[in-house]
Student: 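Okay, handing you the structure first.
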Number of protein chains: 2
Amino acid sequence: MTHPRRQMHLNAFLMGVGHHEAAWRHPRTEARRVFDATHFQDLARIAERGRLDAVFLADGLAVGHRVEHNVTTVFEPVTLLTAVAAATERIGLIATASTSYHHPFTLARAFASLDHISGGRAGWNIVTSGGADEAANFGLDRIPDHGERYARAHEFLEAAVRLWDSWEDDAIVLDVGSGTFADPDRVHRVEHAGPRFTIRGPLNSPRPPQGRPVLVQAGSSKDGIAFAARWAEAVFTAQQTLEEGQRFYSTLRGRLAAHGRSPDGIKILPGIVPFIADTEAEARELEQEFTELISPAHALRQLSRTLGVDLTGHPLDAPLPPLPPANEIRGNQSRFRLVADLAERESLTVRQLISRLGGGRGHRTFAGTPEQVADELQTWFTEGAADGFTIMPPYLPGGLSDFVDHVVPVLRERGLFRTDYTGRTLREHYGLDRPASVFERSDSSGIAV
Amino acid sequence: MTHPRRQMHLNAFLMGVGHHEAAWRHPRTEARRVFDATHFQDLARIAERGRLDAVFLADGLAVGHRVEHNVTTVFEPVTLLTAVAAATERIGLIATASTSYHHPFTLARAFASLDHISGGRAGWNIVTSGGADEAANFGLDRIPDHGERYARAHEFLEAAVRLWDSWEDDAIVLDVGSGTFADPDRVHRVEHAGPRFTIRGPLNSPRPPQGRPVLVQAGSSKDGIAFAARWAEAVFTAQQTLEEGQRFYSTLRGRLAAHGRSPDGIKILPGIVPFIADTEAEARELEQEFTELISPAHALRQLSRTLGVDLTGHPLDAPLPPLPPANEIRGNQSRFRLVADLAERESLTVRQLISRLGGGRGHRTFAGTPEQVADELQTWFTEGAADGFTIMPPYLPGGLSDFVDHVVPVLRERGLFRTDYTGRTLREHYGLDRPASVFERSDSSGIAV
């Protein structure tokens, strides 16, 4: 028996009618579908048809100034993925949610509920919410400090893990004769007492099918990498070049040992925005069509926010003005670095930078034939930059179905991707262990005592 | 054309495998289904087959000491109802959620999301969480004072209404040519600045199909009635006798004028736990079978909590000991009064009281033939005690399908219940107006300014 070849993992990141800023204006999309939950059910069925590992939804807790030109979120992701769960059988369901503006009890419960409803397919993309608009919706007059947001995230996870673990796996007895529904010795108070949260527990939910939802994370700042090394089981990351991807991959994997974790306990899945067509020229033309639909004023406002400088009135055909140092950025520091580095490395004007960012807000865009896209993924996968990818179709549903119907078959021919699911849970798709409860074989007595 | 006869509204209150405390031990149920989301989808399909107005889910934010004998919640209700939405077409979806342990922004958004996903079928049963176990999960060492809980609930609703209204109905433009997705003049900051919450808004969701979810409420204390008179559009209430029901019905409706509301703007739906069989004797036998499965120790603990006295060791065949005054009860004051009054009015021993409460934790139980159940509902409906009912099947799914297949046809023959849906939203089922946004024609400028 030969050892099966290492295979890649693929997430489909679903966003409105596409990741490209102007996707909703292109004739290949139907803008109104962003308001339609069945659109997302349809997309998940396409991804499941391709046997992808998971669908992934972003989130933010404010609408900001984006309403004029784009709406990126209509639905709350956990709710939407529950509707998606009801329309699918196997595909994983990853929802983004913030540790800064939720409480561990209610959020741990929501993900336990999604995991129960979906039969073990839930993943949580953990974010710390770096937006000023978000802070203003929760009574804060400024974004909490980067370090404080991550400190809260660590404490949040400590509490959430104990809540998911509070019912041991065999706590349910269901003995009709004696009238014993659950064994209270196997249901534990969590007694979390930290600087930010005091939570008695147990969670009001039996242990989720996966033990805990798969923990996903996307921050690539210093704090973000430290957080990922301790908690993340899958990482979504923006990397523009193979060298940057390799550096991030080896850096993050190298940090796991300090937490007693194996490097294989984390799946690193960089984002890619693929424009796919029969020829390279057609793919580039397609990308250009989307670029031309970008509203420069809107793009300038987005870029201003990412870079922490006001670019209104700045000439589009000039290079960027001097930028603040990265450590003064209160929001997404790693995205700041990525965009600033990209502009400098390729000596881009503001207009060129906007075009480059239109498709993926910092993620790598790639235009080519199905074989060229497969080549690009294979290179990153085999040369130590990725365990798989987060596919960010520039327009939906066409950009996803093209990937599933034309790129996935090429990856399969090369033995790089599964032909069918072998497991039922997201952990099984990723090849991740199901964690034992921290209360198993512990001295902590149950709530009966 | 004759004026259509006034018809009743019917909610199906779904709880585990039945409302009776011991339902899971009875051979007519399958206990394991409480862990199965498809169980709730199946139940909602049964209720929809009967053209009921809505399904209703309770909630609590702690598991307390109930684990040994019963699990009442496995799923978070908004999540579960989203899965139910995907499996049904028309039936309303009412989820309970607490104003004491959520934030208005995240909860308003969750209900907006459920309303969008379901095409306008969401209802929110507003509770203030009177449990000590719940307080301990959110860092409090005691239950917040009854008055403070309601003060927070009022402020919570003020903020939530403005959040749902923050996008005017015609804010979405979707003009592909100009690249205008939404009209920022019709998307408003809510600028809520109260003692407990500061929220800038707008909500990150276009206005829900129903404008706002239907607001449902169940507290019947003095504070609870004041809250209902201001906010509730449907009221779920526990009333043991016709006279009590009539008094509650006229009291609550009489309070609406002070808020400029019509008495028809609120639907009062008392709970009833029907044991249904071909003969009255068989129905009573069935009820008795369930009573015999109650665990007295568990029931005593539940009763102790409701009454605010420790009944452990109290003789089962003696009357209740002296009780504290109602206004010293920090939790559910109206339920305290109901149980204390029932025990006194009928001179019940503790054992008899437990039997009476087994089926509905304070709600009226009724055993009889389909015609007798229909008679009872008709009497309350025509004699000024109800606009309809919250049906609480003692066991599931059989108790619900018996109601739908045997009682609903009798009500239809009598012209008391619809033969088919005439609307698509829960507001339409209830005959409630769709509220205009508070920002419509207001001077409040949009977020563009």
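We name chains A, B, ... by the order of the sequence lines, and we start the count at 1 in each one. Side-chain atoms are counted along with the backbone in the values below, which use heavy atoms only and exclude waters and symmetry mates.
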Student: So do the side chains of B:Arg207 and B:Ile172 get within less than 4.5 Å of each other, counting heavy atoms only?
Tutor: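 Not touching, per the 4.5 Å side-chain cut-off.
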Student: In sequence, state the C-alpha distance, the side-chain angles, and the governing distance for B:Arg109 and B:Asn204, and then conclude on side-chain contact (heavy atoms from CB on, under 4.5 Å).
Tutor: CA-CA 7 Å; B:Arg109 185 185 185 212; B:Asn204 55 349; 3.2 Å; yes
Student: Which region of A:Asn137, side chain (C-beta onward) or backbone (N, CA, C, O), has a non-hydrogen atom less than 4.5 Å from a non-hydrogen atom of chain B, or is it both or neither?
Tutor: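 A:Asn137 touches chain B through backbone and side-chain heavy atoms alike.
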Student: For the atom pair CZ (B:Arg33) and CG (B:Leu43), what is the distance rounded to the nearest 0.5 Å?
Tutor: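 These two atoms lie 7.5 Å from each other.
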Student: So, B:His103 versus B:Phe197, ring centres under 6.0 angstrom or not?
Tutor: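 For B:His103 and B:Phe197, the ring centres are under 6.0 Å apart.
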Student: Measure B:Ser118 against the heavy atoms of chain A and call it side chain, backbone, both or neither at under 4.5 Å.
Tutor: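 Nothing of B:Ser118, per the 4.5 Å heavy-atom cut-off to chain A.
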Student: With respect to chain A, which residue among B:Ala136, B:Gly139, B:Ala110 yields the maximal number of heavy-atom pairs within a distance under 4.5 Å?
Tutor: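 Between B:Ala136, B:Gly139, B:Ala110, the count favours B:Ala136.
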Student: Among B:His192, B:His116, B:His26, which has the most heavy-atom pairs under 4.5 Å with chain A?
Tutor: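 Sorted descending by pairs with chain A, the first entry is B:His116.
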Student: Of the backbone (N, CA, C, O) and the side chain (C-beta and beyond), which part of A:Ser295 lies under 4.5 Å from a heavy atom of chain B, both, or neither?
Tutor: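 It is neither, since no heavy atom gets under 4.5 Å.
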Student: Please flag which part of A:Phe40 lies under 4.5 Å from any non-hydrogen atom of chain B: side chain, backbone, both or neither.
Tutor: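 Nothing of A:Phe40, per the 4.5 Å heavy-atom cut-off to chain B.
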Student: Using every non-hydrogen atom in the two residues, find where A:Val187 and A:Pro202 come nearest and quote the distance to one decimal.
Tutor: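 Heavy-atom minimum between the residues: CG1-CG, 3.6 Å.
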Student: Give, as side chain, backbone, both or neither, the part of A:Thr38 having an atom under 4.5 angstrom from any heavy atom of chain B.
Tutor: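 Neither the backbone nor the side chain of A:Thr38 comes within 4.5 Å of chain B.
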Student: Heavy atoms only, distances under 4.5 angstrom: which of B:Val84, B:Asp59, B:Val173 has the most pairs with chain A? Name it, please.
Tutor: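 Heavy-atom pairs under 4.5 Å are most numerous for B:Asp59.
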Student: More than 12 heavy atoms of other residues, nucleotides or ligands under 6.0 Å from CD of A:Glu191: yes or no?
Tutor: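 Result for CD/A:Glu191: enclosed.
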Student: Drop me the distance from A:Asp115's CG to A:Ser205's OG, to the nearest 0.5 angstrom.
Tutor: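 With rounding to 0.5 Å, CG (A:Asp115) is 9.0 Å from OG (A:Ser205).
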Student: How far apart are the closest heavy atoms of A:Ala95 and A:Pro77, and which atoms are they?
Tutor: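 Closest pair (atom of A:Ala95, atom of A:Pro77, distance): CB-CB, 3.8 Å.
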Student: Fit a plane to each ring of A:Trp164 and A:Trp124, take the angle between them on a 0 to 90° scale, and name the class: parallel (under 30°), tilted (30 to 60°) or perpendicular (over 60°).
Tutor: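 Ring orientation of A:Trp164 relative to A:Trp124: perpendicular.
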Student: Return the option, out of A:Asp141, A:Ile294, A:Leu163, A:Asp175, with the maximum number of heavy-atom pairs under 4.5 Å with chain B.
Tutor: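 Going by pairs under 4.5 Å, I would pick A:Asp175.
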Student: Drop me the distance from A:Arg189's CZ to A:Ser166's OG, to the nearest 0.5 angstrom.
Tutor: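 A:Arg189 atom CZ to A:Ser166 atom OG measures 12.0 Å (nearest 0.5 Å).
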Student: Quick one: of A:Leu293, A:Thr180, A:Leu80, who has the most non-hydrogen atom pairs under 4.5 Å with chain B?
Tutor: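 Of the candidates given, the most pairs with chain B belong to A:Thr180.
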Student: Determine the option with the most heavy-atom pairs under 4.5 angstrom with chain A, choosing from B:Asp36, B:Ile117, B:Leu81.
Tutor: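 So the answer, after comparing B:Asp36, B:Ile117, B:Leu81, is B:Ile117.
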Student: Under 4.5 Å from any heavy atom of chain B, what part of A:Ala83 do you find: side chain, backbone, both or neither?
Tutor: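 Both the backbone and the side chain of A:Ala83 come within 4.5 Å of chain B.
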Student: Tell me, side chain or backbone of A:His102 under 4.5 Å from chain B's heavy atoms, or both, or neither?
Tutor: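 Only the side chain of A:His102 comes within 4.5 Å of chain B.
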Student: May I ask you to name which of A:Ile199, A:Leu140, A:Asp183 has the most heavy-atom pairs under 4.5 Å with chain B?
Tutor: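 The answer is A:Ile199.
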Student: Non-hydrogen atoms of chain B under 4.5 Å away: do they reach the side chain of A:Leu203, the backbone, both or neither?
Tutor: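 The backbone, not the side chain.
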